[in-house]
Structure formats: structure tokens, C-alpha cells
Amino acid sequence: MSLELQFEETIAHDQRLEPRDWVPDAYRSTMVRMIAQHAHSEIIGMQPEGNWITRAPSLRRKAILLAKVQDEAGHGLYLYSAAETLGADRAELTEKLVTGRQKYSSIFNYPTLTFADVGVIGWLVDGAAICNQVPLCRSSYGPYARAMIRICKEESFHQRQGYELLMTMMRGTEQQRAMVQESVDRWWWPSLMMFGPPDADSSHTAQSMEWKIKRHTNDELRQRFVDMSVPQADALGVTLPDPDLRWNAEREHHDFGEIDWAEFKQVVSGNGPCNAQRVAHRKAAHDEGAWVREAAAAHARKNDERRGSAA
Amino acid sequence: MRSEWPLYEVFVRGKRGLNHVHVGSLHAADDEMALHHARDLYTRRNEGVSIWVVRAADITASSPDEKDPFFAPSGDKVYRHPTFYDIPDDVPHI
Ligand SMILES: [Fe+2]
Ligand SMILES: [Fe+2]
């Protein structure tokens with residue numbers, strides 16, 4: 001059987017492709033681009049929330065937030081590890097991120113202005129990530145699918161801690177309730193943009209679905225997220241900032257307003273409120289860590305030599 | 001900018017009585033650091049009671065290209081399976 005046929009049969013039978021299998025170049029590059037973008041999002045995603053670790057209002061909230069941000073670091077590393085099975089080079093991926101040649105999710109280019117943002121990010125941003133990621137647990141590339149399973153297990157904690165934080169604030173003072181509402185108003189639309197451009201404009205969706213890299217279109221997942229969020233907002237006692245949001249009995253889904261795609265394009269192409277800051281911070285962390293990486297490598301070399309001469 | 005830290009593959013035993021299972025990889029300067037990183041990265045929620053790390057370069061693997069011929073010796077030995085043998089229904093415990 002030809003390699004190409006073997007590849008197609010594996011996908012047709014819903015089996016996973018594994019690291020050493022032959023795959024078409026386009027599959028490999030699509031997969032690397034997708035995994036790298038996802039890994040970068042996890043790593044950059046540490047920044048907006050990391051911003052509040054030292055100012056968390058209690059030790060309990062600080063411990064939770066720290067654990068959550070550590071998880072995001074872990075997610076990034078699981079994914080870089082998956083990208084490397086396709087032949088990507090870790091140092092090169094980092095370089096592409098800090099030089100702006102690879103993208104990350106637009107959502108992390110918005111600032112976290114109040115502590116309520118920590119709750120809203122957990123609820124909506126991690127919530128949207130879960131919607132996106134659950135179907136990816138069945139993605140055709142084995143190492144990616146397995147990383148997603150691990151990640152999804154951990155995301156549930158992220159969303160619940162956020163929602164619980166918001167419930168606590170909603171039971172507090174009038175001022176705290178206003179702070180939650182203000183935060184929801186800022187994060188709702190950017191969260192909807194997390195699912196990517198509408199299907200009609202999504203250049204990669206059709207091929208990715210054919211290869212079973214993705215299992216649902218951007219618009220399907222966005223609709224699912226809206227439907228899930230509406231009752232959660234009701235239970236919380238907040239209003240979602242969309243006058244056109246209403247139940248459509250005929251479709252059995254919620255209708256919702258037009259997304260500002262011009263804003264999305266601006267943020268994706270580097271002109272969001274925090275793009276420059278996020279990348280600069282990542283680059284500084286990497287540069288400032290150079291001496292640690294070198295020292296550890298030198299130490300390992302020395303130990304190796306010592307062991308060699310003792311033997 | 002290029003990292004000099006080699007790639008390690010990580011295997012975790014979930015609990016006593018189970019095999020070590022491959023969970024992913026990481027970069028580390030040496031074996032000891034690999035073990036510490038593996039603990040921090042792959043067992044943040046008690047996912048394991050034992051970890052193995054091994055340099056990816058030290059693993060020898062079968063190639064998927066030769067999948068069919070490589071595993072062929074076991075393909076035609078159906079008599080290695082218990083279902084190959086017909087035993088009358090009225091014979092108990094077998
Ligand atoms: Fe994550
Ligand atoms: Fe998360």
C-alpha cells in the first residue's frame with residue numbers, strides 16, 4: 001500500500017496518526033502551526049492572570065491563582081512536546097513567538113484591569129477554551145489528542161474556580177457586583193472571538209476537518225459556547241452585553257449580535273491593547289533565563305566529565 | 001538562542017500495580033533535572049508514584065515503514081490464541 005493511501009486509510013478509520021508515521025507535508029505543517037499557536041497561547045496566557053498573583057485578596061485566592069497559572073505553563077509544555085514529535089525545534093518555536101512570526105490567541109492581548117477579571121477569565125475564557133478543546137481530544141494526531149485529554153482534565157478546575165470567585169463577589173457589596181458586571185462587559189465579545197473567524201472566512205477549516213484535525217467549525221463551537229453561557233450568566237445574576245441575544249425556539253439555539261470582526265483583525269495583526277507588552281515580556285523572560293540554561297548545561301557537562309574520569 | 005538541553009521522554013506509573021506509561025517529553029540539562037521537571041510537569045495532581053526519564057536519543061524504535069514485515073512473524077500463528085481450539089460446551093472450567 002502506498003504511504004499516501006495508508007495515511008488516508010488511517011484517517012478514514014478514525015485511527016490516530018503517530019509520530020513516525022508518514023504524513024503529507026501539508027498535514028505536518030498545518031499540525032505544527034496549530035499546536036505551536038496553541039502552545040504559545042497557553043504560555044502568553046499566563047501573563048494577564050499572573051498580573052494579579054501578588055495582589056490576590058486572600059491567601060486562598062492566591063494559592064488557587066498560582067496553581068492555575070502553573071497549569072497554563074504545563075499546558076504550554078505538553079503542547080511544545082507534541083509539536084516536537086513532528087520535528088519542530090523548541091528553541092525555534094520560542095524564537096518565532098518572540099519575533100512575532102507565530103501567533104497566539106487574540107484574547108490574551110486584553111488587559112486585566114480588576115480582580116473580577118480573574119474570575120471572568122476562568123469562567124468565559126477557560127470556558128471557551130474547553131468548548132474548543134474537548135473535540136480536539138479526538139484529533140487525528142495522537143500526541144496532540146493525548147495532550148488535549150490531559151489539558152481538558154485540568155481546565156475544569158480553571159473554569160470552576162473562576163465561576164466560584166464571581167459567585168462570591170456577587171454575594172458581596174453593590175460595588176463588587178458592579179465590578180463583576182463591568183468585567184463581563186469587557187470580556188464577553190473577545191471571548192466569542194476566541195473561536196476564530198466565521199466559517200465563511202476561515203481559510204483552514206475545510207482542510208482541517210477533512211484531516212480530522214478539527215471536528216467542528218468555528219461557528220458551531222461559538223454557538224455551543226453562547227448556549228452554555230446564557231444560563232450560567234443568569235445563575236450568576238449578570239447581563240451579557242448583547243441586546244440581540246435571545247432564544248430562538250425554531251433553531252433551538254440563542255441568536256446573538258454581530259461580532260466586531262474589524263476589532264478582531266486589528267488585535268490578531270498586532271494592534272490590540274497589549275500585544276507589544278505581552279511579546280516583550282515573554283522575550284525578556286527568555287533572555288533573562290539564558291544564563292540559567294547555560295549554567296545548567298555547563299554543570300551537566302562537568303558532571304559527565306567527572307563521572308567519565310572516575311570510571 | 002538554541003537550547004543545549006537534550007530531550008527526555010517521560011514514563012509515569014500511575015499507581016502501584018500498573019505499568020509505567022509514556023506521558024510526553026521535556027528538555028533538561030541532565031538526568032536529575034529531567035526527573036524533577038517531570039515531577040513538576042506531569043504529576044501536579046498525584047498522577048504518579050514513580051517516574052522514569054530516558055534520553056530520547058537513547059530509544060531505539062521500530063520503524064512504521066516496515067510495520068508489516070516486522071510484525072509478520074506473529075501474524076500467521078493463530079494457534080497461539082486460546083480461541084483456536086474447539087472445546088465442547090459441556091466441558092467445565094476451561
Ligand atoms: Fe490552558
Ligand atoms: Fe486554563
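In what follows, chains carry the letters A, B, and so on, assigned in the order in which the sequence lines appear, proteins first and then strands, with residues in each chain numbered from 1.
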Can you tell me if [atom1] on [X] sees more than 12 non-hydrogen neighbours from other groups inside 6.0 Å?
X	atom1	value
A:Arg101	CZ	yes
A:Asp25	CG	no
B:Asn19	CG	no
A:His299	NE2	no
B:Lys77	NZ	yes
A:Asp14	CG	yes
B:Ile59	CD1	yes

Are the side chains of [X] and [Y] in touch, meaning some heavy atoms are under 4.5 Å apart?
X	Y	answer
B:Trp5	A:Arg90	no
A:Leu77	B:His37	no
B:Arg45	A:Lys153	no

Nearest heavy-atom pair of B:Ala29 and A:Ala300: which atoms, and what distance?
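B:Ala29 and A:Ala300 have their closest heavy atoms at O-CB, 3.3 Å.
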So which atom in B:Leu41 and which in A:Gly74 form the shortest heavy-atom distance, rounded to 0.1 Å?
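Closest approach of B:Leu41 to A:Gly74: CD1-CA, 3.5 Å.
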Please classify the contact of B:Glu47 with chain A as side chain, backbone, both or neither, using a heavy-atom distance under 4.5 Å.
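B:Glu47 touches chain A through side-chain heavy atoms alone.
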So for B:Ala56, is it side chain, backbone, both, or neither that comes closer than 4.5 Å to the heavy atoms of chain A?
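Looking at B:Ala56, nothing touches chain A.
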Between NE2 on residue B:His27 and CZ on residue A:Arg293, distance to nearest 0.5 Å
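Interatomic distance, B:His27 NE2 to A:Arg293 CZ, rounded to 0.5 Å: 11.5 Å.
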Which region of A:Ala297, side chain (C-beta onward) or backbone (N, CA, C, O), has a non-hydrogen atom less than 4.5 Å from a non-hydrogen atom of chain B, or is it both or neither?
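Backbone plus side chain of A:Ala297, per the 4.5 Å heavy-atom cut-off to chain B.
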Region of A:Glu18 in contact with chain B, defined by heavy-atom distances below 4.5 Å
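Contact with chain B is absent: no heavy atom of A:Glu18 under 4.5 Å.
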Mind ranking B:Leu7, B:Asp40, B:Val23, B:Leu26 by heavy-atom pairs under 4.5 Å with chain A and telling me who comes out on top?
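Between B:Leu7, B:Asp40, B:Val23, B:Leu26, the count favours B:Val23.
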Hey, is A:Glu154 close enough to B:Arg44 for a salt bridge, meaning N to O under 4.0 Å?
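Salt bridge present between A:Glu154 and B:Arg44.
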State whether the side chain of A:Arg20 and the backbone N or O of B:Ser62 hold a donor-acceptor pair below 3.5 Å, judged by distance alone.
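Here the side-chain-to-backbone pair exists.
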